[in-house]
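Just below is one structure, and these are the notes that go with it.
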Amino acid sequence: MKAEGIKMEKLAQRYEGKAKKVYDTTDHNYYWIEYKDDATAFNGQKRGTIEAKGVVNNKMSALLFEYLENNGIETHFVKLLSDREQIVRRLDMIPLEIVVRNVVAGSLSQRVGKEEGYVLKKPVFELYYKDDELGDPMVNDSHALALGWATRRQLDDMQDMALRVNELMRALWEKAGITLVDYKLEFGVWEGHVLLGDEISPDTCRFWDRETGEKLDKDRFRRDLGNVEEAYAEVYRRLREALDNV
Ligand code: TMP
Ligand code: ASP
């Protein structure tokens with residue numbers, strides 16, 4: 001699904017989310033995305049700005065989607081336009097967040113009473129129903145099927161893709177000297193099949209330095225740890241270095 005030759009213009013804003021703005025384009029099949037510096041946590045209760053976050057998240061997502069595409073994962077990514085803008089395919093979004101965990105942290109640590117840093121014996125996959133008013137409750141396959149959010153086939157495709165993404169991402173981040181602790185993925189349907197959508201960035205992943213354990217992700221903002229901008233810049237720098245050596 002190569003994008004060369006696609007010509008389109010930016011039209012009216014369709015939607016403004018917590019971290020991105022979405023615009024229609026002259027081609028109905030695509031969206032024009034603009035990444036912002038706005039940061040929220042705890043379902044929007046904590047708000048702030050992380051300077052240049054939009055630039056890092058836009059460019060990091062583009063690099064990671066390209067890496068995944070090159071390794072057989074279909075994504076919505078089409079083309080990087082500028083520091084903050086990219087073109088993506090217009091997916092029919094499945095209203096679920098898939099969280100993949102390799103190491104215990106965050107809400108899993110609280111839910112099961114296990115210390116952050118415990119290395120899981122196998123990856124954990126969790127589903128959350130995307131609904132801000134409900135605070136994105138955790139659900140399971142049977143909810144998703146019974147409530148009509150996804151078909152069995154789509155859930156299986158999402159699970160298979162998440163597993164492959166995890167193998168590819170872990171290998172890449174290891175080269176960057178980073179432990180990929182956990183992260184969140186979103187999927188949507190394009191021409192009848194499931195594609196990976198949304199973003200992959202320090203907003204949606206937990207990255208820990210392999211040597212020091214230092215947190216290099218949005219937990220620095222969530223937990224008021226300081227040096228937030230520096231962490232985003234560092235993790236992006238290390239990703240580019242790792243990709244040069246793939
Ligand atoms: P959690 O430990 O808070 O459940 O988060 C698990 C992972 O999912 C972590 O890498 C952050 C990411 N995440 C999001 O991208 N968006 C969200 O709204 C939440 C709650 C988590
Ligand atoms: N993105 C979510 C929110 O706004 C949660 C988070 O990343 O912690 O509120």
Side-chain angles (χ1 to χ4, degrees), residues 15-22 33 35-50 53-54 56-58 60-61 64-65 75-76 93-120 123-140 158-159 161-163 165-166 168-170 172-173 176 178-188 196-210 213-225 228 231-232 235-236 239:
Y15 171 75
E16 178 161 3
K18 286 182 275 197
K20 300 186 277 294
K21 292 180 180 175
V22 178
I33 307 289
Y35 280 72
K36 308 188 291 179
D37 288 348
D38 300 346
T40 64
F42 314 117
N43 199 24
Q45 287 173 57
K46 182 182 170 96
R47 287 167 187 278
T49 306
I50 301 172
K53 170 171 90 80
V56 167
N57 288 8
N58 180 42
M60 184 184 288
S61 290
L64 289 171
F65 283 137
T75 80
H76 73 158
M93 291 309 287
I94 295 167
L96 295 167
E97 299 190 342
I98 312 328
V99 168
V100 182
R101 301 179 186 271
N102 296 304
V103 177
V104 170
S107 69
L108 180 61
S109 169
Q110 294 185 353
R111 192 176 316 113
V112 301
K114 194 82 179 165
E115 78 278 12
E116 290 201 314
Y118 177 87
V119 178
L120 291 158
V124 165
F125 298 89
E126 297 170 349
L127 292 182
Y128 293 86
Y129 174 48
K130 262 180 83 73
D131 186 311
D132 281 342
E133 276 184 32
L134 299 174
D136 298 346
M138 194 194 224
V139 295
N140 62 28
M158 285 159 65
Q159 171 102 7
M161 288 169 78
L163 188 61
V165 166
N166 196 43
L168 292 164
M169 286 266 285
R170 280 177 67 157
L172 177 62
W173 286 104
I178 283 169
T179 303
L180 180 62
V181 172
D182 58 28
Y183 52 99
K184 183 263 298 173
L185 302 173
E186 295 185 29
F187 294 87
L196 179 61
D198 197 49
E199 67 177 273
I200 310 177
S201 71
D203 273 17
T204 64
C205 304
R206 283 196 173 93
F207 297 127
W208 293 356
D209 184 282
R210 285 176 80 84
E214 191 188 2
K215 296 183 196 328
L216 296 169
D217 57 60
K218 194 175 167 189
D219 271 347
R220 301 205 73 84
F221 169 78
R222 294 190 189 97
R223 303 180 186 189
D224 295 320
L225 300 175
V228 186
Y232 277 65
V235 87
Y236 176 58
L239 173 66

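Nothing here was measured: the structure is a model prediction, and the numbers come from that model. Each ligand, and each atom within it, is numbered from 1 in the order the structure gives.
- Both the backbone and the side chain of Thr204 come within 4.0 Å of ligand 1, judged by heavy-atom distances.
- Within a 6.0 Å sphere centred on CZ of Phe42, other residues, nucleotides and ligands contribute more than 12 heavy atoms.
- Closest to atom 17 (C) of ligand 1, if we only count protein heavy atoms, is Glu97 OE1, 4.2 Å.
- Atoms of ligand 1 lying under 4.0 Å from at least one heavy atom of Val99, given by number and element, are 6 (C), 8 (O).
- For atom 3 (O) of ligand 1, the closest non-hydrogen atom of the protein is Arg206 NH2, 3.8 Å.
- Residues passing the side-chain hydrogen bond (donor to acceptor under 3.5 Å, both in side chains) test with Lys36 are Glu16, Asp38, sequence neighbours excluded.
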Quick check on ligand 2: any N or O pairs to the protein under 3.5 Å? One line per pair.
unit_1   : atom_1 : unit_2 : atom_2 : d
ligand 2 : 1 (N)  : Lys218 : NZ     : 3.4
ligand 2 : 4 (O)  : Lys18  : NZ     : 3.2
ligand 2 : 4 (O)  : Thr40  : OG1    : 2.4
ligand 2 : 4 (O)  : Gly44  : N      : 3.4
ligand 2 : 7 (O)  : Lys218 : NZ     : 2.8
ligand 2 : 7 (O)  : Arg222 : NH2    : 3.1
ligand 2 : 8 (O)  : Arg222 : NE     : 2.7
ligand 2 : 9 (O)  : Thr40  : OG1    : 3.3
ligand 2 : 9 (O)  : Asn43  : N      : 2.9
ligand 2 : 9 (O)  : Gly44  : N      : 2.7

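- Distance check on atom 6 (C) of ligand 1: some protein heavy atom falls below the 4.0 Å cut-off.
- Residue pairs satisfying the side-chain hydrogen bond (donor to acceptor under 3.5 Å, both in side chains) criterion with at least one member in residues 198-208, sequence neighbours excluded, are listed as follows: Lys20-Asp198, Lys20-Glu199, Lys53-Asp203, Asn57-Glu199, Asn57-Ser201, Asn57-Asp203, Asp182-Arg206, Lys184-Asp198, Glu199-Ser201, Asp203-Tyr232, Arg206-Asp219.
- To the nearest 0.5 Å, atoms OH (Tyr128) and CG (Asp136) are separated by 9.5 Å.
- Not counting sequence neighbours, the partners of Asp131 by the side chain to side chain contact (heavy atoms under 4.5 Å, CB included) test are Tyr129, Glu133, Leu134.
- A cation-pi arrangement is present between Lys114 and Tyr118 under the rule of less than 6.0 angstrom and at most 45 degrees off the ring axis.
- In this structure, CG on Leu127 lies 10.5 Å from CD on Glu97, to the nearest 0.5 angstrom.
- Residue-level proximity to ligand 1 for Asp203 is carried by the backbone, the only part with a heavy atom below 4.0 angstrom.
- Within ligand 1, counting atoms from 1 as listed, the ones closer than 4.0 Å to a heavy atom of Arg101 are 1 (P), 2 (O), 4 (O), 6 (C).
- The protein heavy atom nearest to atom 11 (C) of ligand 1 is Arg222 NH2, 3.6 Å.
- Summarising the geometry, atom CH2 belonging to Trp173 is positioned 8.0 Å from atom CG belonging to Leu180; distances are rounded to the nearest 0.5 Å.
- The atoms of ligand 1 that sit less than 4.0 Å from any heavy atom of Gly106 are 2 (O).
- Here the side chain of Glu116 pairs a donor or acceptor atom with the backbone of Gly106 at under 3.5 angstrom.
- Within 4.0 Å of atom 14 (C) of ligand 1, at least one protein heavy atom is present.
- Within 6.0 Å of CZ in Arg47 there are 12 or fewer heavy atoms belonging to other residues, nucleotides or ligands.
- No cation-pi contact links Lys215 to Phe207, judged by a cut-off of 6.0 Å to the six-membered ring centre and 45° from its axis.
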- [ ] Decide yes or no on side-chain contact (heavy atoms from CB on, under 4.5 Å) for Thr179 and Asp209, but give the supporting numbers first.
- [x] CA-CA 6 Å; Thr179 303; Asp209 184 282; over 6 Å; no
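- The distance from ligand 1 to the heavy atoms of Tyr183 drops below 4.0 Å at these ligand atoms: 10 (O).
- Neither the backbone nor the side chain of Ser109 comes within 4.0 Å of ligand 1, counting heavy atoms alone.
- Using a 4.0 Å cut-off between heavy atoms, Glu126 makes no contact with ligand 1 at all.
- Looking at atom 1 (P) of ligand 1, its nearest protein heavy atom turns out to be Ser107 OG, 3.4 Å.
- Contact annotation for atom 19 (C) of ligand 1: protein absent (non-hydrogen atoms, distance under 4.0 Å).
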TODO: Evaluate the criterion side-chain contact (heavy atoms from CB on, under 4.5 Å) for residue pair Asp217 and Tyr183; output intermediate values, then yes/no.
DONE: CA-CA 11 Å; Asp217 57 60; Tyr183 52 99; over 6 Å; no
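- By the 3.5 Å distance cut-off applied to N or O atoms, Asp136 is not counted among the residues near ligand 1.
- Among protein heavy atoms, atom 16 (N) of ligand 1 sits closest to Lys184 CE, 3.8 Å.
- With Arg101 as the fixed residue, the side chain to side chain contact (heavy atoms under 4.5 Å, CB included) test singles out one of Val99, Val103, Val104: Val99.
- Looking at heavy atoms from C-beta onward, Arg170 lies in side-chain contact with Asn102 at the 4.5 angstrom threshold.
- Summary of contacts: the protein heavy atom closest to atom 9 (C) of ligand 1 is Asp182 OD1, 3.2 Å.
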